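Here is the structure we will look at, set down as structure tokens.
In this text the structure is predicted, and so the values were computed from the model without any measurement.
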Amino acid sequence: MKISSTKVSAIILTCLFLTANLGVAQDVDVDLPPLEKTDQGALLIDDFEDGPIGGLPCGWYNRDGKRKANHPEERELFEYEIQQQGGNKYLHYAHTDARHLNFPLVGRPGLNIYEYPTLSWKWRVERLPEGADESSSDYNDAAASIYVVFGFGRIALVKKVPKSIRYTWSSTLEEGTVVSKLFGNQKIVVLESGPENTGEWMTFRRNIVEDYRRLFGDDPPETPIAILIMSDGDSTSSPAIADYDDIKLLPAQ
């Protein structure tokens with residue numbers, strides 16, 4: 001049975017909630033190291049320069065945060081790999097499968113998004129899943145998405161899941177569109193739309209503190225739970241091809 005991207009999103013958010021409440025599981029480091037500071041004063045999530053070509057970056061985990069994505073039993077499940085062009089390494093995806101990469105942030109020393117409020121990254125999309133539409137449960141695919149997962153919101157009467165902002169390059173929705181899902185706990189923000197800029201590296205910067213306040217109406221926690229990456233074309237059965245690079249948090253100005 002095919003699982004839609006919406007269902008996968010619900011699974012990852014629920015699993016992250018369980019992970020946060022039940023403690024560290026399996027391969028997750030008990031004490032996550034602080035993020036490396038760049039020469040420009042940013043906190044580096046990943047630029048993929050330390051990872052092996054053809055492999056997965058070592059700091060990322062599976063969707064529920066229980067085991068590193070490059071673990072032998074996990075690696076074969078992922079369609080992402082590090083590639084190199086002109087001496088620069090980046091993360092490449094070319095497939096239809098919907099499977100998140102999870103970079104945990106909670107518990108990292110010295111991380112406070114009020115001091116480092118701007119998430120910056122690069123995308124290069126080569127192919128958009130045809131007919132994908134993030135507002136539809138039946139067509140919820142995207143060539144490139146980056147999520148920031150925060151503290152907990154309420155779903156139904158008693159169950160809670162983390163709130164998240166999903167920044168996406170949409171096949172069909174207009175730039176600037178905001179879609180609300182999971183009872184308002186996930187906000188999808190369309191930053192780029194359609195094929196016009198495919199094949200080009202594009203840099204995006206978002207003040208995640210301001211976005212959270214605007215989208216959820218209150219203040220975010222000082223430390224998000226995780227950064228997630230996902231490209232997929234499972235709902236439309238149409239391949240997505242995209243690259244990611246230089247993910248970092250920039251200091252407040």
Looking at Pro104 and Tyr61, what are the two nearest heavy atoms and their distance? CD-CD1, 3.4 Å
Between Phe150 and Ile113, does a side chain to side chain contact (heavy atoms under 4.5 Å, CB included) hold up when you go through it step by step? CA-CA 11 Å; Phe150 295 92; Ile113 60 171; 3.9 Å; yes
Please name the residue in the list Asp46, Asp47, Asp245, Asp246 that meets the salt bridge (Lys or Arg N to Asp or Glu O under 4.0 Å) test with Lys122. Asp246
Do Val189 and Val179 share a hydrophobic cluster, counting only Ile, Leu, Val, Met, Phe, Trp and Tyr and linking them when any side-chain heavy atoms are less than 4.5 Å apart? no
Value for CD (Glu192) from CD (Glu174), rounded to nearest 0.5 Å, stands at 12.5 Å
Can you label the angle between the Phe216 ring and the Tyr212 ring as parallel, tilted or perpendicular, going by 30° and 60°? tilted
Under 3.5 Å, is there a donor-acceptor pair between the side chain of Lys89 and the main chain of Ile82? no
Check for a donor-acceptor pair, side chain of Trp201 on one end and backbone N or O of Val125 on the other, with a separation under 3.5 Å. no
Criterion side chain to side chain contact (heavy atoms under 4.5 Å, CB included) on Asp211 and Lys187, from CA distance to verdict: CA-CA 10 Å; Asp211 279 351; Lys187 304 295 186 180; over 6 Å; no
Cation-pi check, Arg206 onto Tyr167 ring (under 6.0 Å, within 45° of axis): no
Applying a strict under-4.5 Å side-chain criterion to I, L, V, M, F, W and Y, I'd like to know whether Leu191 and Ile247 cluster together. yes
Closest heavy-atom contact between Asp133 and Leu173? OD1-CD2, 3.3 Å
Any chance you could measure Gln83, atom CD, to Leu91, atom CG, to the nearest 0.5 Å? 9.0 Å
Are side-chain heavy atoms of Pro224 and Val149 found at a separation under 4.5 Å? no
Pro251 backbone acceptor or donor facing Gln253 side chain under 3.5 Å: yes
Inspect the surroundings of CG in Asn197 and state if more than 12 heavy atoms from other residues, nucleotides or ligands are less than 6.0 Å away. yes
Under the criterion side chain to side chain contact (heavy atoms under 4.5 Å, CB included), I'd like the reasoning laid out for Arg213 against Asp219: C-alpha separation, chi angles, the key distance, then a yes or no. CA-CA 6 Å; Arg213 287 170 171 161; Asp219 291 333; 2.7 Å; yes
Nearest 0.5 Å please: distance from the OG atom of Ser231 over to the NE2 atom of His95. 12.5 Å
Quick one: which of Tyr80, Trp60, Tyr147 gives a ring-ring contact (aromatic ring centres under 6.0 Å, His included) with His100? Tyr147
On a heavy-atom basis, which atom in Ser235 and which in Ser137 lie closest, and how many Å separate them? OG-O, 4.4 Å
Close side-chain approach of Arg124 to Gln85, heavy-atom, < 4.5 Å: yes
State, with a plain yes or no, whether a side-chain heavy atom of Pro117 is found less than 4.5 Å away from one of Glu210. no
Identify whether Ile241 and Phe78 are in the same connected component of the hydrophobic contact network (ILVMFWY, side-chain heavy atoms under 4.5 Å). no
Tyr116 side chain vs Leu119 backbone, donor-acceptor pair below 3.5 Å: no
Okay, side chain of Arg108, backbone of Pro33: is any donor-acceptor separation there less than 3.5 Å? yes
Do Tyr90 and Phe48 have their ring centres less than 6.0 Å from each other? no
Can you confirm whether Leu44 sits close enough to Glu49 that some side-chain heavy atom of one is under 4.5 Å from a side-chain heavy atom of the other? no
Min side-chain heavy-atom separation Glu81-Arg75 under 4.5 Å: yes
Ala142 versus Glu134, closest heavy-atom pair with distance: CB-OE2, 3.5 Å
Below 6.0 angstrom between ring centroids: does that apply to Trp123 and Phe204? yes
What's the separation between atom NZ in Lys68 and atom CG in Asn62, rounded to the nearest 0.5 Å? 12.0 Å
Please indicate whether Tyr139 has more than 12 foreign heavy atoms, meaning atoms of other residues, nucleotides or ligands, lying under 6.0 Å from its OH. no
Taking the side chain as every heavy atom from C-beta outward, state whether Leu250 and Lys248 have any pair of such atoms under 4.5 Å apart. yes
What I'd like to find out is whether the side chain of Cys58 reaches to under 4.5 Å of the side chain of Asp50, using heavy atoms alone. no
Between Pro129 and Ser171, what is the shortest heavy-atom contact and its length? O-OG, 2.7 Å
Give the cluster check for Ile188 versus Trp121: same hydrophobic cluster or not, with ILVMFWY residues linked at side-chain heavy-atom distances below 4.5 Å. no
Please step through side chain to side chain contact (heavy atoms under 4.5 Å, CB included) for the pair Ser120 and Thr203, ending with a clear verdict. CA-CA 7 Å; Ser120 174; Thr203 299; 4.1 Å; yes
Any sub-3.5 Å donor-acceptor pair from Thr172's side-chain atoms to Ala132's backbone N or O? yes
Considering only heavy atoms from C-beta outward, does the side chain of Leu35 approach that of Leu105 to under 4.5 Å? yes
For a quick test of reading the model, state the closest non-hydrogen atom pair linking Glu175 to Ser193 and the distance between them. N-CB, 3.8 Å
Roughly how far, to the nearest 0.5 Å, is the CG atom of Leu101 from the CG atom of Leu56? 6.0 Å
Is it the case that the side chain of Asp141 and the backbone of Thr236 share a donor-acceptor pair, with hydrogens and angles ignored and the cut-off at 3.5 Å? yes
Side chains of Ser145 and Arg166, donor plus acceptor under 3.5 Å: yes
In Å and rounded to the nearest 0.5 Å, what is the CG to OG distance from Leu182 to Ser164? 7.0 Å
Please check if the side chain of Arg99 supplies one atom and the backbone of Leu77 the other of a donor-acceptor pair under 3.5 Å. yes
